[in-house]
Amino acid sequence: MNKIELLSPIGNYESLYAAINAGADSIYFGVEQFNMRALNNNFLIKDIEKISKICSKYKIKKYLALNTIIYDHDILIIKRILKICKNYNIDGIIAMDNFIINYSNKLNLPIHISTQLNITNIESLKFYAKFSDVIVLSRELNLNQIKSICDQIKKDNILGFSKKQIKIEIFCHGSLCMAISGKCYLSLHTYNSSANRGACKQNCRRKYLVKDYKSNINFEINNEYIMSSKDLCTINFLDKIIKTGVKVLKIEGRGKSPEYVYITTKCYREAIDSIYNNTYSLNKINKWIYKLKTVYNRGFWSGYYLGQKIGEWNNTDGSSSIKKKIYIGYIKKYFNKKKVMIILIQSYNLKIGDNIYIIGNKIGVKIFKIKYLRNNKKENVSKIKQGELCSIKIPYKVYKNNKIYKIIENVNNNL
Amino acid sequence: MLTIIYKRKKCIGCNSCVLVCPLFFSMSKIDGKSVLLKSIKKKENYILKGIDNVFFNNLIKAKKICPVKIINIVKY
């Protein structure tokens with residue numbers, strides 16, 4: 001039996017290497033202004049070649065998300081991007097616009113139907129199957145509905161554009177939208193900043209007061225974050241998801257940090273592997289959930305998959321993660337033979353016992369525990385202050401200018 | 001007189017500035033982003049100087065409507 005594919009988000013090269021090191025089977029990314037994260041980290045057209053080569057080297061698949069609304073003035077540039085994707089063997093285009101779907105078909109580029117098209121039934125799926133190879137189902141379905149769709153694909157042998165059986169993909173982790181995915185005008189109405197052009201200003205994530213204008217009465221509500229949905233997390237029922245017959249699991253978060261990509265990908269990689277070798281257990285689940293809580297999250301719920309009622313709202317501004325990272329400094333030198341790195345501490349301090357992230361291009365994210373420290377006089381010390389240099393022995397290769405962050409408790413979120 | 005400073009790199013191609021200020025902005029079919037017509041490129045910015053004050057209100061509309069806030073109008 002083929003293992004389910006784990007698809008990770010990347011918004012920069014650090015995240016790309018983080019996803020590779022954590023064991024992703026494939027990655028997806030956006031370029032220029034044509035993706036749902038146009039305001040965040042973003043790649044340019046020239047990056048397509050580089051990303052494609054890196055992914056080919058590590059034998060993982062790469063998909064380009066081109067899932068915004070497209071206007072007349074975008075047509076030429078989109079055609080150019082698709083031709084470049086064809087030249088550099090991009091494995092699929094995540095799209096919702098019919099022009100992109102049609103043009104990719106002409107170029108023989110596989111299409112993934114974006115969740116922005118909200119496929120929620122088998123007949124709609126049959127229609128899009130003529131043009132695509134993977135269909136990302138609407139995030140608002142429950143597991144029974146997903147299973148029913150997967151069963152009918154097997155029963156009727158519904159084929160995709162490349163004449164292979166159509167694959168179903170669903171989101172397994174990350175932010176959810178308060179609206180049916182993508183069908184939201186809040187940001188456009190308030191800031192003229194369209195979510196469907198990748199420029200969502202996330203109005204739903206803020207505190208609101210509900211007021212009856214006529215009587216001037218403020219309503220008492222338990223939670224002022226009335227529209228901010230918690231984040232999706234499925235690691236505690238991943239076995240049920242795999243049983244539905246879904247073929248690809250996607251993690252949300254191209255706008256998020258490299259350590260988020262690393263930790264979520266690693267946890268889901270371990271979970272998937274453990275399900276296939278029958279070692280999936282409650283003990284492991286608790287460990288994974290703890291790890292997932294250490295990076296950006298708004299609290300977890302199971303989304304719509306288990307058929308729960310709506311009402312799982314977040315109650316804080318921004319992340320509820322139990323750990324956070326603070327910038328410490330960067331690697332000034334690395335001695336390959338001795339495997340020693342020299343760090344310049346630019347802020348705070350570094351102590352024995354500290355856990356650090358090393359983040360950078362080529363290495364992605366590494367988590368490392370400081371066991372001993374040496375100052376620039378080669379004396380063993382327990383603490384290095386701001387402005388000083390220190391040397392640390394490290395078991396794997398790092399690079400000059402990689403950044404060092406200390407992982408500390410996020411005190412406010414532990415109350 | 002007025003000067004427009006336009007940070008084009010961050011444009012998301014929403015077409016709003018072209019709708020309110022078609023005299024100064026137009027959509028590029030080459031990269032799908034807005035172009036400040038007749039401007040000169042200086043590092044990351046596109047600059048158009050010597051614009052008559054009568055266009056001030058119109059240009060402020062473009063500045064306000066831009067979702068990524070990359071249009072700036074300077075009066076001198």
Side-chain angles (χ1 to χ4, degrees), chain A residues 11 30-48 64-85 95 97 99-100 103 182 184-203 254-255, chain B residues 2-48 51 54-75:
Chain A
V31 289
E32 306 283 347
Q33 69 268 38
F34 307 108
N35 74 96
M36 297 304 283
R37 301 290 181 278
L39 295 183
N40 295 95
N41 308 331
N42 229 338
F43 291 111
L44 303 173
I45 292 176
K46 63 178 184 198
D47 292 305
I48 296 174
L64 179 70
L66 277 181
N67 53 350
T68 52
I69 285 174
I70 301 295
Y71 297 113
D72 273 358
H73 60 253
D74 299 321
I75 289 174
L76 279 180
I77 176 86
I78 292 287
K79 283 186 177 176
R80 210 180 113 211
I81 292 174
L82 290 174
K83 280 178 190 159
I84 291 170
C85 288
D97 187 88
F99 148 62
I100 297 182
Y103 198 75
C184 177
Y185 281 128
L186 275 184
S187 179
L188 184 68
H189 283 318
T190 47
Y191 299 103
N192 188 46
S193 190
S194 172
N196 291 299
R197 287 285 286 188
C200 180
K201 290 272 167 81
Q202 308 215 330
N203 306 45
R254 275 177 294 142
Chain B
L2 308 168
T3 296
I4 309 173
I5 303 161
Y6 173 53
K7 291 181 182 166
R8 190 165 188 272
K9 203 177 164 190
K10 287 191 169 176
C11 176
I12 60 164
C14 75
N15 201 39
S16 300
C17 56
V18 181
L19 286 177
V20 296
C21 274
L23 268 179
F24 296 98
F25 293 96
S26 153
M27 290 313 289
S28 157
K29 288 200 169 170
I30 297 166
D31 64 1
K33 293 186 178 187
S34 164
V35 177
L36 176 58
L37 298 167
K38 294 176 190 166
S39 62
I40 299 161
K41 192 181 178 191
K42 273 190 183 169
K43 288 182 186 169
E44 299 264 290
N45 296 336
Y46 285 79
I47 295 166
L48 181 62
I51 303 164
V54 295
F55 295 108
F56 184 73
N57 287 342
N58 197 232
L59 285 169
I60 287 295
K61 267 190 196 167
K63 175 187 164 142
K64 281 188 178 167
I65 205 169
C66 173
V68 278
K69 304 290 172 226
I70 52 174
I71 300 168
N72 215 347
I73 315 296
V74 185
K75 218 171 185 179

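- Interface remark: of the candidates A:Ile78, A:Ile45, A:Ile77, A:Ile77 forms the most heavy-atom pairs closer than 4.5 Å to chain B.
- Counting non-hydrogen atoms of neighbouring residues, nucleotides and ligands closer than 6.0 angstrom, the CG atom of A:Leu76 exceeds 12 such neighbours.
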Are there donor-acceptor pairs under 3.5 Å across chain B and chain A? List atom names and distances.
{"residue": "B:Ile12", "atom": "O", "partner": "A:Arg197", "partner atom": "NH2", "Å": "2.9"}
{"residue": "B:Gly13", "atom": "O", "partner": "A:His73", "partner atom": "NE2", "Å": "3.0"}
{"residue": "B:Gly13", "atom": "O", "partner": "A:Arg197", "partner atom": "NH2", "Å": "2.7"}
{"residue": "B:Ser16", "atom": "OG", "partner": "A:Asn192", "partner atom": "ND2", "Å": "2.9"}
{"residue": "B:Asp31", "atom": "O", "partner": "A:Gln33", "partner atom": "NE2", "Å": "3.1"}
{"residue": "B:Gly32", "atom": "O", "partner": "A:Gln33", "partner atom": "NE2", "Å": "3.3"}
{"residue": "B:Ile65", "atom": "O", "partner": "A:Asn192", "partner atom": "ND2", "Å": "2.7"}
{"residue": "B:Pro67", "atom": "O", "partner": "A:Lys201", "partner atom": "NZ", "Å": "2.8"}

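- Annotation: B:Leu23, atom CG; neighbour count of heavy atoms from other residues, nucleotides and ligands within 6.0 Å is above 12.
- The candidate with the highest count of non-hydrogen atom pairs below 4.5 Å against chain A, out of B:Cys11, B:Cys14, B:Gly32, is B:Gly32.
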